[in-house]
Amino acid sequence: MAAAILGRLRDKPPRRGVTARMRRILPPWQPGTRLLFPIGGDADVATPTCGRPLCSCVLTLVEPPMVVRMHFHQPGGCYYACAVRLGGVTVRAVSCVCAVTNPRSLMPLPAVSATCAHLSPTGKHPTGKSEEEPWDSEEEESEESVYSGLEDSGSDSSEEEEEEEEEGSSGTESPQTQVRLIPLCPSKALEDDSLLKDQEVLLAQNEYEEDSSDEEDIRNTVGNIPMEWYQDFPHIGYNLDGKKIYKPIRTKDELDMFLEKMENPDYWRTVQDKLTGADVRLTDEQVELVQRLQSGHFGDVHFNPYEPAVDFFTHEVMIHPVTNRPADKRSFIPSLLEKEKVSKLVHAIKMGWIKPRKPKDDSPTYYDLWAHEDPNSILGRHKMHVPAPKMKLPGHEESYNPPPEYLLSEEEQLAWEQQEAAERQLSFVPQRFGSLRQVPAYPRFIQERFERCLDLYLCPRQRKMRVNVDPEDLIPKLPKPRDLQPFPTTQALIYRGHSSLVRCLSISPSGQWLVSGSDDGTVRFWEVCTARCMKTLPVGGVVKSIAWNPNPTICLVAIGVEQSVLLVNPCLGDKLLYGATDQLLESYVAPEEERVQPVQWVTASTQEHSRGVRLLIQHSKAVKQVTWHGKGDYLASVVSDNSSMQVLIHQSSKRWSQSPFRRSKGLVQAVLFHPTRPYFFVATQRYVRVYNLLKQELTKKLMTNCKWVSSMAIHPGGDNIICGSYDSKLAWFDLDLSTRPYQLLRHHKRALRSVAFHRRYPLFASGSDDGSVIVCHGMVYNDLLQNPLLVPVKVLKGHVITLDLGVLDVLFHPTQPWIFSSGADGTVRLYT
Amino acid sequence: MGGLEKKKYERGSATNYITRNRARKKLQLSLPDFRRLCILKGIYPHEPKHKKKVNKGSTAPRTFYLLKDIKFLLHEPIVNKFREYKVFVRKLRKAYGKSEWGTVDRLKDNKPTYKLDHIVKERYPTFIDALRDLDDALSMCFLFSTFPRTGKCHVQTIQLCRRLAVEFLNYVIASRSLRKVFLSIKGIYYQAEVLGQPITWITPYTFAHDHPTDVDYRVMATFTEFYTTLLGFVNFRLYHSLNLVYPPKIDGQADAELKPVEGKEYAMDSESYLEKLSALSASLARVVAPAHEDEVEMDEFPVEGETAEQMDTRKKEQEALEKHKKMFEGLRFFLNREVPREPLAFIIRCFGGQVSWDKSLCIGATYDASDLSITHHIIDRPRLDQQVIGRCYLQPQWVFDSVNAKMCLPVADYFPGVLLPPHLSPFVTEQEGDYVPPEKLKLLALQRGENPGDVRLQAWNEESEEEEEEDEEDDNDKEEEEDEDESEKEEEMKLKKMEEERRKGKKKRVTAGKLRLEDKKRLEQEQQSEEKRLAIMMMKKREKYLYKKIMFGKKRKVREANKLAAKRKAHDTAVKEEKKKSKKARRA
């Protein structure tokens, strides 16, 4: 057992040889017995504490397998260690005490060490041969016993016991034995017989206890390994024959354990031996010992750690040194190594590599930073500084308990989810929680803060002036339409009769008669005031253009039908007047020599004459437009052709036509005579050219800024022109001002078909495909410095849009502020 | 003529801007350092007017800084500190690699540090400037103070943030400058008015953060570094403006009360001190002992050009403000343990109330739940079994709503377990034409001092009236347009009918003519609107575009308001129907 303990002490399995040697001197288990056996260099456990080789060891057995006390004798004193083994657990307490022993008892110690002299590595000690002999002789036996197993060990122990007894009995005289046989427990003095008896009784009482004892270690050959390695196996090791040693069967579950804990009064002192797996109940003494050790006392009750100290050497100072060795040279020379180090440091300090530790900054971290603030100290760069805008404050929808209307409906939520994160109006879905405790953490809180940070340092800033305008201020201040009266405001009459769209209108200079040409191949004459159709003239073709002679003394209407222009006397009104017109036409005398003309003048047949047609001007191509000169003698017609013969000027009195242009300048849309001066306006797709008819040259070219001019009208004053275009623009030109439009009006939503000026009132109107007629006030001042004033005054609606066409022609009454409009719905309407 | 002609991009706006990379090279800084510098100095990119010109003809997306800004950065002492720190890190790494522990210690002793004081002063030359920019600083500090003490950033930073935040809260309590609070789903918004500047900040709800991965904490930490410096100085100044001791000390008298009875609950005195401060339950020590509760009479200086009415309104406002500040005075609150303690304690103390909580919840509880003098018990659970008579048991929303309403609201709507009235944002001021939730109307009526019972009815009436009005308004525009068309159409129809009749050869019947009442007003309106339309036609193209845009915005606003109103109406009717149904079910 001692060997085992010793083994534990050294934390390595005991060597067999040593075990054998020690076993040899093991006495029979007797409490309080002191053992002495040499360990020599093997017991190196104590080496770190004393620092010198050990000489001997004294073991005192208090209780057979449990406690061992060891005295390690040293030249400097007595070193003391103690180890306890309880069941499978080894409690170890090693302490070294320079115990003072009796000087007398010291003396024989060498003798003790002599017994082990041959084992100690130094082997200096003189030996007591007598003691040595039995040792050697018994060594062989012990080896045998080791191999023989348990039975032998039992006999061994008995032999040793006897030997011990012998030693005990014989050693009374010698100081060595005296030391050894100092009885430690007076109560259990060396009474061999009683002890023997006790032992026997113990053996008889509990054979298992004996099994669980130290002997087990010998049988279990697993060695000093952690026993938990065998945790999952049914066995805990192997005996010397290599057979498994099985664990005692344990069928206890937790309930049993608990019951045992409750019922077994000794439960608290039951320990499991790891090596055997058996439960061991600690005896009272063992318990006492454990408690003593736990409380930091010596295991042995009777050990006195405070024995008086005895000097090994004399305390007096000697005059001579112990050795006579002269001092080394190096003890006089300064160290080179140190010098090198110091010089390195000095160099580093010199070079500024090592700086002295900075003094701690004692100034307070926070102080009144703005103590001397200067409100005018704005840095130079702050001129451009744009302070970061603050974050938007939350609205009702961000509340944890918002009003119900702020919550998203299912569709809205779906839409929200499908939107891109950048597109969303709200960065979150409004939610409602019944109470504050249900509100969870907002998962995007850190992200939002982070985004704010990014905005602050990454977003380019730019000062944008917010348009803070009252929209009412943007509306131009125009004179009120009421102040600009008269102008047509309401629809007064509708002239019905045409069965197809009415393309063109014209009015007699007196303002009594209205003529309209339609796609149904008829021309109708109406009385303006009554909307009565006075006359219907079938012309057998689409009437493209119609123009009443502006001369009040001549009653003649030019009608452009297909390839010819008809000059018709409507025979309306004053009989004298239209009779005079007929006479005028008849008074024509053909010239002697036939002149080459681009067109053919044909006198109407009698049948046609009876219907009113007087003359036919037959063109080679379809006629687009006819227009009279203000004096009523000349008339211009436009032919849809691409050649230079697009525009022709006819003189009705002489039945003479000519083509004024040598070259075509593009598709001519409309032509116009200046009301008073010899100018001629030709509108091509994008430009209006003004020709001086007298000088026969181009005087001006007006840029309309439109894509496709549709119609043109001239102010009676002759200085202003308006052009309507198919891209729904109306351009007002001031001929004195510039060749570009003075104003471009985009009033209509769709293409403009026609524009018209009032002859007397400052009004102009435009008719468009959107079915509306817009009447504008267009005042032209005599003062050249004052620009014309254009004010829209009325939007007239009434025409029904048919075939995507609305108003086709507009026309002002020559004297009244009335306006006629013809539409695609086959009606002509009068607004007054 | 003289001098060399400059090349295309060597003059004009191209020379005023510099790209980020070039700026970085000019400053000889790495990108992270440049970023830090920009954050600390408050330098931000500028958007040039003509990007292509500045970008030398290229249209590649680049960020531009003002060249002046970058030149200004060149003289920044912090730049050198950055370089020093880089060297320090290099040396330290080397020393570690060579295991020269002595060198490591020495280097660590001489670790280069820098201060941001001068930057704060430079960016905010006056104190008011600093206050104006405090919103983000506060929000950030409050966020960082809720971070866990491990991981994301330095513990010292978090502790500092917490300290500064608590100091600021204490200042707001001492100065009673809190004005508005709002419980949003993101967190709690507070608005305080400090020296006339509204300062708004948000605190998250106290839960552990689910730290997102797409956030660069270094950027945030740099911002926080600056913000803590700023906030520290601001706090110092604010405390001194109130004659309070900085760093804050709890009033001696209160301190004694706050001493934990059990003695050794806290390991360190310093730790417990911050906790005591953050309990927000004790008043702060002052440099000069205040004469107790003396009301400073404000002298009145008539401002020139101010009429008596304006004076009166100003005076009234002042009085209302004073009243608002003392709203909770004399009330004793007790917070149940499920209620968020800090925000509520803060708010209640800001308005003069006394507040306490369970002793085990936090340090600084001044009285027990069983105290009979408690007037309001804030509780956030569906019901409480044992109620003490003589106090109101209320949900926490009452406190918030009362603060926003500037008066103690009637408690009936806020009893535990009751369906709470909606919590409205105090930051919304409805303009004309905006949608106003009915609850807000009720509140406004209450503030005017009308009886809530009547108010409800009135509110309903108002609501319906308003809705009608709104509807009318919406329709007005359309109607105006349509009306004319209709009248014309009607006339036309009449004419048509007559014509048809004529055609059919029916006998002409004489029917009694109806007197056509001409609504003069309406006619006038029509005329006006027509005039307007005609005038709009004459607008210039650019103005017309702008006008249309403005009108579009207005119309959208109206549309949104209408949508909200309609939703509300639908909701209310649904609720009513449900009530009816449930009543019927009960009867049956």
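Note on naming: letters A, B, ... go to the chains in the order of the sequence lines (proteins, then strands), and numbering restarts at 1 for each one.
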Between [options], who has the most heavy-atom pairs with chain B when the cutoff is under 4.5 Å?
options                                : value
A:Gln743, A:Arg444, A:Arg482, A:Lys477 : A:Arg482
A:His396, A:Gln447, A:Arg746           : A:His396
A:Gln462, A:Lys480, A:Arg432, A:Arg437 : A:Arg437

Chain A interface, residue from [options] that has the most non-hydrogen pairs under 4.5 Å:
options                                : answer
B:Glu338, B:Lys71, B:Lys532            : B:Lys532
B:Asp210, B:Thr222, B:Val219           : B:Val219
B:His571, B:Arg237, B:Glu543           : B:Arg237
B:Ile550, B:Leu546, B:Leu419           : B:Leu546
B:Lys540, B:Lys541, B:Gln397, B:Gln395 : B:Gln397
B:Ser139, B:Pro45, B:Pro422            : B:Pro45

| B:Arg123 side chain to B:Leu40 main-chain N or O, any donor-acceptor pair under 3.5 Å? |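 Yes: the side chain of B:Arg123 pairs with the backbone of B:Leu40.
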| Short question: side chain of A:Arg461, backbone of A:Leu456 - any donor-acceptor pair under 3.5 Å? |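 A pair under 3.5 Å: yes.
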Measure distances from [X] to the heavy atoms of chain B and classify the residue's part below 4.5 Å as side chain, backbone, both or neither.
X        : result
A:Leu745 : side chain
A:Phe445 : side chain
A:His372 : backbone
A:Pro402 : backbone
A:Glu451 : neither
A:Cys776 : neither
A:Leu478 : side chain
A:Glu448 : side chain
A:Tyr367 : both
A:Thr365 : backbone

| query | Hey, what do you get for CZ (B:Phe223) to CG (A:Leu454), rounding to the nearest 0.5 Å? | reply |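 Here the rounded value is 8.0 Å.
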| Rounded distance (nearest 0.5 Å) linking atom OG1 of A:Thr827 with atom NE2 of A:His799 |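 Rounded to the nearest 0.5 Å, the OG1-NE2 separation comes out at 5.0 Å.
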| query | Are more than 12 heavy atoms from other residues, nucleotides or ligands located less than 6.0 Å from atom NZ of B:Lys91? | reply |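 Not more than 12 within 6.0 Å, no.
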| message | Tell me whether the count of non-hydrogen atoms from other residues, nucleotides or ligands lying under 6.0 Å of NZ in B:Lys111 goes above 12. | response |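 Open.
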Checking heavy atoms, do the side chain of [X], its backbone, both or neither come under 4.5 Å from chain A?
X        : value
B:Val120 : both
B:Val234 : both
B:Phe182 : side chain
B:Asp117 : both
B:Pro340 : side chain
B:Thr203 : backbone

Thinking salt bridges, do [X] and [Y] make one under a 4.0 Å N-O criterion?
X        : Y        : result
B:Lys563 : A:Glu412 : yes
A:Asp455 : A:Arg452 : no
A:Arg449 : B:Asp136 : yes
B:Lys569 : A:Glu405 : no
B:Asp216 : B:Arg35  : yes

| query | Where does the angle between the aromatic ring planes of B:Phe147 and B:Tyr217 fall among parallel (under 30°), tilted (30 to 60°) and perpendicular (over 60°)? | reply |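 Perpendicular, since the angle between the ring planes exceeds 60°.
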| message | Below 30° counts as parallel, above 60° as perpendicular, anything between as tilted: where do the rings of A:Tyr366 and B:Phe233 land? | response |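 Answer is perpendicular, since the angle exceeds 60°.
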| What about the rings of A:Phe433 and A:Tyr400, do their centers lie closer together than 6.0 Å? |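 Aromatic pair excluded; centres sit 6.0 Å or further apart.
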